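Numbering of residues begins at 1 and proceeds along the displayed sequence. Source: prediction; values computed, not measured.
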Amino acid sequence: YTSVNPSEIGDALSAEFDREGICEKFDIPKDKFLILCVGQFIDRKGRWTFLEAAKKVCAKTDDIAFVWIANSKPSKEDIEKAKKFGLGNKFRLITSDQIGGGRIDLFKMFRLADGFALASFVEGLPISLLEAMALGIPSISTNVNAIPEAVKNLETGILIESGDDEKLAESILLLNSDEKLRKKLAENGRKWVLGNFDEKEVAGIAIKAYKKALKFE
C-alpha cells in the first residue's frame, strides 16, 4: 500500500509557513480559493480534464485559481496546449525543481491549497492524494482502482468518474461555496488517512505477510 509518514506530516503542519511570500515567488494569486494538483503532467493523470474543469469554473466565478505541480518539465507542445484553455494567471504550472529538493518544500506548497483535485484515469493509490488528505486539505479524485479506499464520497472526500470535467467543475464549486462540507471532508479525510495509511502499520502488515509466506512464524 501507498502510505504516509505521520511524523513528517506533523512536521510539515508545524513548520514556518509564509503563504504570501510563496504566492509572490510563484506568481500565484493570493486572494483566490486555490485548487492544487500534484503529479506528472500527463494524460493518465487527467491533465486536460483538470484544465477543462478549471475553464468551466472560471467562467462562473472569479474567486478560484489553479496550480499544478509536476515532477518533470512539460513539453513545449503541452505548455502551448495548456495556454489555449485561456486561464491566464488563474493557472500556474510549476515543476518540483522550482520549489526545492526537500519534502518540506513540497508540503509548504500543499499548504497553500484550499482544495486538492486529481482527475486521474489510471492510478494505484497516489501518494499526493493521501498527503493532501493527511494535511487536512479537502480532496476530489476519481473512482479508479484503489482511490475509493481513501476517498469515500462526501465523507472523506469527493469521488467522481474519470473524464467528467463537468462533475469536477461542480465539485470544485461546491467546495468553494460550502465551508461546512470543506471542514467535514478535511477532518474526516485526515483522520481516515492517518488511521489507515500510516507507513509503520503498512510495513508491519507486509512483514507479517512475508513471515507467514516464508514460514518464519
Side-chain angles (χ1 to χ4, degrees), residues 4-6 8-41 45-47 50-51 53-55 57-58 61-74 82 85 87-120 126-141 150-151 156-158 168-169 171-179 181-187 189-190 193-194:
V4 299
N5 181 332
E8 190 176 56
I9 295 294
D11 290 344
L13 289 172
S14 62
E16 184 178 340
F17 176 63
D18 178 10
R19 179 187 174 88
E20 185 170 336
I22 295 173
C23 286
E24 287 181 358
K25 179 180 179 180
F26 295 103
D27 194 25
I28 297 169
K30 294 180 286 188
D31 58 344
K32 306 296 183 186
F33 186 89
L34 190 65
I35 297 295
L36 175 71
C37 182
V38 176
Q40 292 176 283
F41 192 67
K45 291 287 187 178
R47 56 183 174 176
F50 181 90
L51 290 178
K55 183 178 178 180
V57 167
C58 291
T61 179
D62 190 47
D63 295 335
I64 303 175
F66 299 82
V67 172
W68 188 304
I69 299 175
N71 59 6
S72 59
K73 187 174 181 178
F85 285 84
L87 297 169
N89 68 353
K90 296 287 187 64
F91 174 64
R92 289 284 289 117
L93 181 57
I94 302 167
T95 54
S96 54
D97 62 318
Q98 292 176 274
I99 64 176
R103 295 293 294 167
I104 194 68
D105 297 308
L106 177 60
F107 286 145
K108 285 180 180 179
M109 299 299 293
F110 269 98
R111 289 180 62 189
L112 292 177
D114 299 291
F116 183 88
L118 182 63
S120 295
I127 184 63
S128 64
L129 173 63
L130 292 186
E131 288 172 338
M133 294 171 70
L135 288 164
I137 304 168
S139 299
I140 305 165
S141 197
V151 180
T156 64
I158 298 178
L168 178 55
S171 300
I172 291 168
L173 289 166
L174 178 61
L175 283 186
N176 177 238
S177 64
D178 194 334
E179 183 178 358
L181 178 63
R182 288 200 308 273
K183 184 177 180 181
K184 172 186 173 182
L185 299 183
E187 291 178 352
R190 174 172 162 77
V193 168
L194 293 179

Would you confirm whether [X], through its side chain, and [Y], through its main-chain N or O, come within 3.5 Å as a donor-acceptor pair?
{"X": "T61", "Y": "C58", "answer": "no"}
{"X": "S128", "Y": "V38", "answer": "yes"}
{"X": "R47", "Y": "F41", "answer": "yes"}
{"X": "K30", "Y": "I22", "answer": "no"}
{"X": "R111", "Y": "A12", "answer": "yes"}

### Task
Give the ring-plane orientation class for F110 versus F116, where under 30° counts as parallel, over 60° as perpendicular and anything between as tilted.
parallel
## Note on the structure
Shortest non-hydrogen pair, A186 vs G136, comes out as CB-O, 3.2 Å
### Message
Within this structure, what is the CZ-OG1 distance for the pair R190 and T156, rounded to the nearest 0.5 Å?
### Response
14.5 Å
Check whether any side-chain heavy atom of [X] sits under 4.5 Å from a side-chain heavy atom of [Y], and report yes or no.
{"X": "L13", "Y": "F107", "value": "no"}
{"X": "L51", "Y": "W68", "value": "no"}
{"X": "M109", "Y": "D105", "value": "no"}
{"X": "T95", "Y": "P74", "value": "yes"}
{"X": "D114", "Y": "K32", "value": "no"}
{"X": "I28", "Y": "I94", "value": "yes"}
{"X": "I35", "Y": "N176", "value": "no"}
{"X": "S139", "Y": "V151", "value": "no"}

### Task
Verify the ring-centre separation between F66 and F50: is it less than 6.0 angstrom?
yes
### Intermediate values then yes/no, side-chain contact (heavy atoms from CB on, under 4.5 Å), V67 and L112
CA-CA 10 Å; V67 172; L112 292 177; over 6 Å; no
### Query
Between E16 and K108, is there a side-chain N and carboxylate O pair less than 4.0 Å apart?
no
### Task
Could you go through the side-chain contact (heavy atoms from CB on, under 4.5 Å) check for I104 and E8 one step at a time?
CA-CA 8 Å; I104 194 68; E8 190 176 56; over 6 Å; no
### Task
Give the C-alpha distance, both sets of side-chain angles, the deciding distance and a yes or no for side-chain contact (heavy atoms from CB on, under 4.5 Å) between L173 and I64.
CA-CA 9 Å; L173 289 166; I64 303 175; 4.1 Å; yes
### Message
Is there a side-chain contact (heavy atoms from CB on, under 4.5 Å) between F33 and L175? Walk through the geometry before answering.
### Response
CA-CA 10 Å; F33 186 89; L175 283 186; 4.2 Å; yes
